Trainee: 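Input: one structure, supplied below.
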2 protein chains.
Amino acid sequence: MGATNTEHYSDKQNQIATLAKALGHPARIAIMEYLLNVETCICGDIVNELPLAQPTVSQHLKELKNAGLIKGEIEGNTICYCINEKAFNILQSYFGNITGKLEMKKSNCC
Amino acid sequence: MGATNTEHYSDKQNQIATLAKALGHPARIAIMEYLLNVETCICGDIVNELPLAQPTVSQHLKELKNAGLIKGEIEGNTICYCINEKAFNILQSYFGNITGKLEMKKSNCC
DNA sequence: ATTTAATATTGCAATATTACGATATATAAA
DNA sequence: TTTATATATCGTAATATTGCAATATTAAAT
């Protein structure tokens, strides 16, 4: 079938899965890291940073934007893409929570 | 083409992408959360927790295991699946690092 | 008004993912 | 040894993803 049925899961579970899925490609990780390191966020040069053609990069950017990981604003001839802090705060607190719980369980198995 | 070319990215980028991809499905998030909350880790009842058939759950477990997010050991008639703490430590430190950097940048754009 | 530059969209081929029924495997119980 | 139980694998259909060439769009520059 290939289609994920999101109805059966909680909003939170779907939210985390959506964010994780968007980060589930090395090109998109590379894009995030580039946006993180660059001074300004006029980011037309992302294409030059990646081993991918321009339409492919554009598509990856679209997916990151749809997932809420980046924001994009038109600025004249270029687009200003930059990281959406909120999304990463969500991820950090989610994984922080998990590692915290794991710390408490401290190997009662395997 | 549908095939991701991992060669062009760093090991770290591929590692994070692999972990994120494995978490990029709500069923697999639900599995992780169930493993986190359950007392023991004899987890044959994961199937009952999810709205999916047994082969589908087995497949999701395999993916989580391949990505290194869970460990599985045969225990008599059942399988003991449990979370691999290391993987979550990697994710937490990665996202912690990112949110730290974002904190420092503090909105010089968008 | 034309040209240039930056980005997006479309269309398409190759491959991957999701899901499940049927079946295999392997241990435990009878 | 047969039967029951738990999990994995196979085969397959439906859908999604990845990637790019060709083309469209849009605003700046000439």
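A note on names: the letters A, B, ... follow the listed sequences, proteins ahead of strands, and every chain is numbered from 1. Because the structure is a prediction, the values reported are computed rather than measured.
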Trainee: Would you please classify the geometry between the B:Phe95 ring and the A:Phe88 ring as parallel, tilted or perpendicular, with 30° and 60° separating the classes?
Mentor: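 Rings of A:Phe88 and B:Phe95: tilted, 30 to 60°.
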Trainee: Nearest whole Å is fine: how far is D:dT7 C1' from B:Leu52 CG?
Mentor: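 Spelled out: CG on B:Leu52 to C1' on D:dT7 is 16 Å.
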Trainee: Do B:His8 and A:Leu50 make a side-chain contact, defined as non-hydrogen atoms from C-beta onward lying under 4.5 Å apart?
Mentor: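 Side-chain contact under 4.5 Å: no.
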Trainee: Output a table of donor-acceptor pairs, distance under 3.5 Å, between side-chain atoms of residues 54-62 of chain A and any protein atom two or more places apart or on a different chain; print 'none' if there are none.
Mentor:
| unit_1 | atom_1 | unit_2 | atom_2 | d |
| --- | --- | --- | --- | --- |
| A:His60 | ND1 | A:Arg28 | NH1 | 2.9 |

Trainee: Whole Å only: how far is the CG atom of B:Asn5 from the C1' atom of D:dT17?
Mentor: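 So the two atoms are 15 Å apart, to the nearest Å.
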Trainee: Only one of A:Leu69, A:Ile31, A:Leu35, A:Leu64 forms a side chain to side chain contact (heavy atoms under 4.5 Å, CB included) with A:Ile83, so which one is it?
Mentor: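 Going through the options one by one, the only one that passes is A:Leu35.
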Trainee: Which residue, B:Pro51 or B:Ala3, contacts DNA chain C at a nucleotide closer to its 5' end, judged by nearest heavy atom?
Mentor: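 Closer to the 5' end of DNA chain C: B:Ala3.
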Trainee: Which heavy-atom pair separates A:Ile90 from A:Ile16 by the least distance, and what is that distance?
Mentor: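 Closest approach of A:Ile90 to A:Ile16, heavy atoms only: CG2-CD1, 3.9 Å.
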Trainee: Looking at D:dT17, I'd like to know if its phosphate oxygens (OP1 or OP2) sit under 4.0 Å from a side-chain N or O belonging to B:Lys21.
Mentor: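 So the side chain of B:Lys21 is outside the cut-off, no N or O lying under 4.0 Å from OP1 or OP2 of D:dT17.
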Trainee: Rounded to the nearest Å, what distance is computed from the NE2 atom of residue A:His25 to the P atom of nucleotide C:dA16?
Mentor: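 Answer to the nearest Å: 12 Å.
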Trainee: Decide yes or no for A:Met32 and A:Ile70: does some side-chain heavy atom of the first lie under 4.5 Å from some side-chain heavy atom of the second?
Mentor: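 Yes, at least one pair of side-chain atoms sits under 4.5 Å.
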Trainee: Can you tell me the distance, in whole Å, between the CG atom of A:Leu23 and the P atom of D:dT18?
Mentor: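 Computing the A:Leu23:CG to D:dT18:P distance gives 12 Å.
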Trainee: Checking contacts here: which listed nucleotide (D:dG19, C:dT18, D:dC20) is nearest the side-chain heavy atoms of A:Ala53?
Mentor: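 Within the option list, the nearest is D:dC20.
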Trainee: Measure from CG on B:Leu50 to P on D:dA6 and round the result to the nearest Å.
Mentor: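 Taking CG of B:Leu50 and P of D:dA6, I get 16 Å after rounding.
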Trainee: Just to be sure I understand the rule, does B:Lys65 reach a base, reach only the sugar-phosphate, or reach nothing, if contact means heavy atoms closer than 4.0 Å?
Mentor: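 Nothing: the residue B:Lys65, judged by heavy atoms under 4.0 Å, touches no strand.
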Trainee: Just the rounded figure in Å: distance from C1' of D:dT18 to CG of A:Leu64.
Mentor: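 A:Leu64 atom CG is separated from D:dT18 atom C1' by 14 Å.
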Trainee: Between atom CG in A:Asn66 and atom P in D:dA16, what is the gap in whole Å?
Mentor: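 That distance rounds to 14 Å.
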Trainee: Measure the distance from NE2 on A:His8 to C1' on C:dT18 and round it to the nearest whole Å.
Mentor: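 Rounded to the whole Å, the gap is 13 Å.
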Trainee: Are B:His60 and C:dA19 close enough that a side-chain N or O sits under 4.0 Å from OP1 or OP2?
Mentor: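 It does, given that an N or O in the side chain of B:His60 lies less than 4.0 Å from OP1 or OP2 of C:dA19.
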Trainee: Under the criterion side chain to side chain contact (heavy atoms under 4.5 Å, CB included), I'd like the reasoning laid out for B:Leu23 against B:Leu91: C-alpha separation, chi angles, the key distance, then a yes or no.
Mentor: CA-CA 11 Å; B:Leu23 292 174; B:Leu91 287 169; 3.7 Å; yes
Trainee: Between the protein and nucleotides 8-11 of chain D, list the N/O to N/O atom pairs that are separated by less than 3.5 angstrom.
Mentor:
| unit_1 | atom_1 | unit_2 | atom_2 | d |
| --- | --- | --- | --- | --- |
| D:dA8 | OP1 | B:Tyr81 | OH | 2.6 |
| D:dA8 | OP2 | B:Ser58 | OG | 2.9 |
| D:dA8 | N7 | B:Gln54 | NE2 | 2.7 |
| D:dA8 | N6 | B:Gln54 | OE1 | 3.0 |

